[in-house]
2 protein chains.
Amino acid sequence: MNQTQPDHDPTRERILDEAERLFAEKGFAAVSVREITAAAHCNLAAVNYHFGGKQALYLDVFRHRWLPRAQKVGERLKDLAKGEPPTAEEVVRGITGIFFSAFASEQERQRHAMLMMRELSQPGEALELVFKEAIRPNFEIIMRLLKPHLPPQLETQKIFLYLFSIFAQLIYFNMARLPVMRATGREYDEAFVAELVGHITDFSLNGLPLRSGPNT
Amino acid sequence: MNQTQPDHDPTRERILDEAERLFAEKGFAAVSVREITAAAHCNLAAVNYHFGGKQALYLDVFRHRWLPRAQKVGERLKDLAKGEPPTAEEVVRGITGIFFSAFASEQERQRHAMLMMRELSQPGEALELVFKEAIRPNFEIIMRLLKPHLPPQLETQKIFLYLFSIFAQLIYFNMARLPVMRATGREYDEAFVAELVGHITDFSLNGLPLRSGPNT
DNA sequence: GTCTATAGCAGGATAGAC
DNA sequence: GTCTATCCTGCTATAGAC
């Protein structure tokens, strides 16, 4: 659809797909190039030919898979600001809803969250990329949307803490699926995801120090 | 202090300490036994002698380091229930406060959170242990403390979501330190940790659907 | 209980045929 | 671009001296 050229090389794309999946599931060190190339049904040497090495492949996973999706989230956040200035509830519901709907599948969202988490907890080269190209711009969009609803004397530093609290939940519920499933007895199906979005929205909306109640 | 025997073998203890630090920082696969034994100033073969192998050492880190601390958290949660039934605010402030104060140091708390996170996101053998011996009993204590303040018809399943939302923040703020520091311009010193505890408490307390306001 | 030495294997990377 | 074959490093684990 959005690839005007037939997206370069199908082998390259398959490697990126499988590498992302495996890196997200197991982490960089626990995945071998052999495992990736076997999953991508190509030769061991293909990783070096196309990317130059394992570490470079990891970075390219962020560049060509993670970032484009994060930017899609950014686009949809910008859409929120298009019409009338949104209410606080619309902003918070927008953030959670977008985060849970901007991805093509359950697994894609989970992988996205896990990769982010791994980088956040263990800052590496990829985090710089992620910071500059995704987190910072997206946070700024949210900031602008949310600021009118917060007390004017509230410091930016504090607002960040609120955003992190929302963020923490978005990541956690996508990452710690097994404990969540065990505790609630639910599967991550459409109905449960909708409940999660509702829960995170309500919890966060009430947690924010809004100027005049949750509906302004 | 609480080791009646001189805690077995000092080499064994040093290995457990360094192994925990390294596993928390880098993850199981990214740490080599050589790295651990070098850090513990002992011989490469000591890990096999004392624990039987790398994987077994990892499990023992949870058994002998992680779990005892989690159980200390549990003890302090039980203390909350000792006197008069605590208010909702006391419960939530208790949870966050205990989580931020039950550890001997900044680093210990960070390591604790990171190890938990790694296991949560990538369920392995250690998660069973963690679940049965720490997460489940501690959640049950909190449940009992919190239930009187929540609407009686609120399903247990929903209460778990609230607990997870609090939990998510506790883990996130201990794990994603670099982004938090960058965004706020703060160090994780005593003052900032106190602010974090206050923030998580307020945010979560307001997020809960309390029966009659945050102070009952 | 601690060490050295080494077996045995899996890892990333590369050279060179096709 | 893709493959096979291979190099070489670094890993876990163990045997056996002390």
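Protein chains get the first letters and strands the later ones, always in sequence-line order, with residue 1 at the start of each.
Nearest to the side chain of B/C42, among D/dC11, C/dG12, C/dC3, sits C/dC3.
Atom NE2 in A/H41 sits about 18 Å away from atom C1' in D/dG1, given to the nearest Å. Look at CG on A/D9: it is 10 Å from C1' on D/dT2, rounded to the nearest Å. For the pair A/L44 CG and C/dA17 P, the computed distance is 19 Å after rounding to whole Å. A/E13 has its CD atom 15 Å from the C1' atom of D/dG1, to the nearest Å. For B/E35 and D/dT9, the CD to P distance is 20 Å, given to the nearest whole Å.
A side-chain donor-acceptor contact under 3.5 Å links A/R76 and A/S101. Under the 3.5 Å distance criterion, with hydrogens and angles disregarded, no donor-acceptor pair is assigned to the side chains of B/T184 and A/Q157.
Near DNA chain D, meaning a heavy atom under 4.0 Å away, the residues from residues 47-58 of chain B are B/N48, B/G53, B/K54.
A salt bridge is defined here as a Lys NZ or Arg NE, NH1 or NH2 lying under 4.0 Å from an Asp or Glu carboxylate O, and A/R186 with A/E195 meets this definition. Checked for salt-bridge contact, A/E187 and A/R177 miss the test: no charged N lies under 4.0 Å from a carboxylate O.
Distances shorter than 4.0 Å separate none of the side-chain N or O atoms of B/T11 from OP1 or OP2 on C/dG1. Residue A/N43 places none of its side-chain N or O atoms closer than 4.0 Å to OP1 or OP2 of D/dG1.
Cation-pi geometry between A/R182 and B/F131 is met: the NZ or CZ atom falls under 6.0 Å from the ring centre, inside 45° of the normal.
Within 4.0 Å of B/A45, counting heavy atoms only, lies at least one base atom of the nucleic acid.
Counted within 6.0 Å of CD on A/Q55, heavy atoms from surrounding residues, nucleotides or ligands total more than 12; the atom is thus considered enclosed.
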